[in-house]
*Asks:* 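Okay, here's the structure, questions in a sec.
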Amino acid sequence: QVQLVESGGGLVQTGGSLRLSCSSSGRAFAEYIIGWFRRTPGKEREFVAAINRSGGGIYIPESVRGRFSIFRDNAKNTVDLQMNSLTRDDTAVYYCAASTVLSGTENKYDYWGQGTQVTVSK
């Protein structure tokens, strides 16, 4: 098992940037693919990024490609999501999750953090 904690959320203006972090303790963290998802009221949870165990493979959907990027540091047990050129449509609760496969499908992820709120102002 792995326990995940998100941090870095907050309020940012349109066009600004924000960096979120997913962290965990223990050696098991490096064994998992880590993904980021987001959820807003009235919408399904949306996949935004994933990274493989070594950090050498990433999966970014077209909806955010070019604006979002993902990095991991297994020595620190962290995976970061860098978000640039933010718009109000990016406002959501952002979650990190752990999987045994590189996937953008929610049900492929076994463990989830509690989420961190990102609000993009007008």
Side-chain angles (χ1 to χ4, degrees):
Q1 296 184 359
V2 60
Q3 295 182 351
L4 306 174
V5 179
E6 302 95 338
S7 63
L11 178 65
V12 63
Q13 294 182 357
T14 296
S17 297
L18 204 61
R19 192 176 184 95
L20 307 181
S21 182
C22 175
S23 65
S24 179
S25 61
R27 296 179 180 179
F29 181 82
E31 300 175 6
Y32 288 92
I33 286 80
I34 301 296
W36 283 93
F37 293 77
R38 64 187 181 186
R39 182 73 179 269
T40 58
K43 297 178 64 177
E44 297 292 327
R45 187 170 289 171
E46 178 188 13
F47 170 76
V48 296
I51 190 165
N52 72 356
R53 295 176 178 87
S54 68
I58 63 172
Y59 178 26
I60 308 291
E62 292 183 2
S63 59
V64 297
R65 192 176 300 162
R67 297 193 301 118
F68 288 15
S69 57
I70 187 169
F71 311 88
R72 78 185 297 160
D73 185 343
N74 287 335
K76 297 181 179 180
N77 284 354
T78 58
V79 172
D80 286 0
L81 179 70
Q82 179 68 45
M83 305 184 294
N84 299 325
S85 302
L86 289 165
T87 74
R88 294 181 69 186
D89 290 339
D90 295 314
T91 294
V93 177
Y94 284 72
Y95 301 86
C96 67
S99 175
T100 57
V101 297
L102 187 65
S103 175
T105 303
E106 181 179 353
N107 63 14
K108 297 294 185 180
Y109 288 80
D110 301 306
Y111 306 101
W112 293 79
Q114 292 298 118
T116 186
Q117 177 71 50
V118 172
T119 302
V120 184
S121 68
K122 188 176 182 179

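Throughout, residue positions are numbered sequentially from 1 according to the sequence presented. All values derive from a computational prediction rather than experimental measurement.
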*Asks:* On the 0 to 90° scale, with breaks at 30° and 60°, tag the W112-F37 ring pair as parallel, tilted or perpendicular.
*Replies:* tilted

*Asks:* From F47 CZ over to Y109 OH, what is the distance, rounded to the nearest 0.5 angstrom?
*Replies:*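 If we round to the nearest 0.5 Å, F47:CZ and Y109:OH are 5.0 Å apart.
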
*Asks:* Checking the side chain of S85 only, and the main-chain atoms of G15 only, is there a donor and an acceptor separated by less than 3.5 Å?
*Replies:* no

*Asks:* Side chain of N74, backbone of R53: donor and acceptor closer than 3.5 Å?
*Replies:* yes

*Asks:* Within the 4.5 Å heavy-atom criterion, are W36 and V79 side-chain neighbours or not?
*Replies:* yes

*Asks:* Keeping N52 on the side-chain end and G55 on the backbone end, is there a donor-acceptor pair under 3.5 Å?
*Replies:* yes

*Asks:* Who are the side-chain contact (heavy atoms from CB on, under 4.5 Å) partners of T105, not counting sequence neighbours?
*Replies:* S103, N107, K108

*Asks:* May I have all residue pairs that pass salt bridge (charged side-chain N to carboxylate O under 4.0 Å, His left out) and include part of residues 73-101, sequence neighbours excluded?
*Replies:*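 Salt bridge (charged side-chain N to carboxylate O under 4.0 Å, His left out) check on residues 73-101 returns R19-D80, R38-D90, R67-D90.
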
*Asks:* Do T78 side-chain atoms and S23 backbone N/O form a donor-acceptor pair below 3.5 Å?
*Replies:*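 No, T78 side chain to S23 backbone: no donor-acceptor pair under 3.5 Å.
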
*Asks:* Restricting to salt bridge (Lys or Arg N to Asp or Glu O under 4.0 Å), what partner residues turn up for R45, sequence neighbours left out?
*Replies:*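 With sequence neighbours excluded, R45 shows a salt bridge (Lys or Arg N to Asp or Glu O under 4.0 Å) to E106, given in chain and number order.
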
*Asks:* Report yes or no: does E6 contribute a side-chain atom to a donor-acceptor pair with the main-chain N or O of Q114 at less than 3.5 Å?
*Replies:*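 Here the side-chain-to-backbone pair exists.
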
*Asks:* Is atom CD of Q117 surrounded by more than 12 heavy atoms (other residues, nucleotides or ligands) closer than 6.0 Å?
*Replies:* yes

*Asks:* Measuring only between side-chain heavy atoms, which start at C-beta, is F71 closer than 4.5 Å to Q82?
*Replies:*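 Yes, their side chains come closer than 4.5 Å.
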
*Asks:* How long is the straight-line distance from OG1 of T100 back to CD1 of I33, given to the nearest 0.5 Å?
*Replies:* 6.5 Å

*Asks:* Where is the tightest heavy-atom contact between V118 and G9, given as atom of each residue plus distance?
*Replies:* CG2-CA, 4.2 Å

*Asks:* Can you check side-chain hydrogen bond (donor to acceptor under 3.5 Å, both in side chains) on N84 and S17, steps first, answer last?
*Replies:* CA-CA 4 Å; N84 299 325; S17 297; 2.9 Å; yes

*Asks:* Between G115 and V93, which heavy-atom pair has the shortest distance, and what is it?
*Replies:*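 Between these two residues, the closest heavy atoms are CA-CG1, 3.9 Å.
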
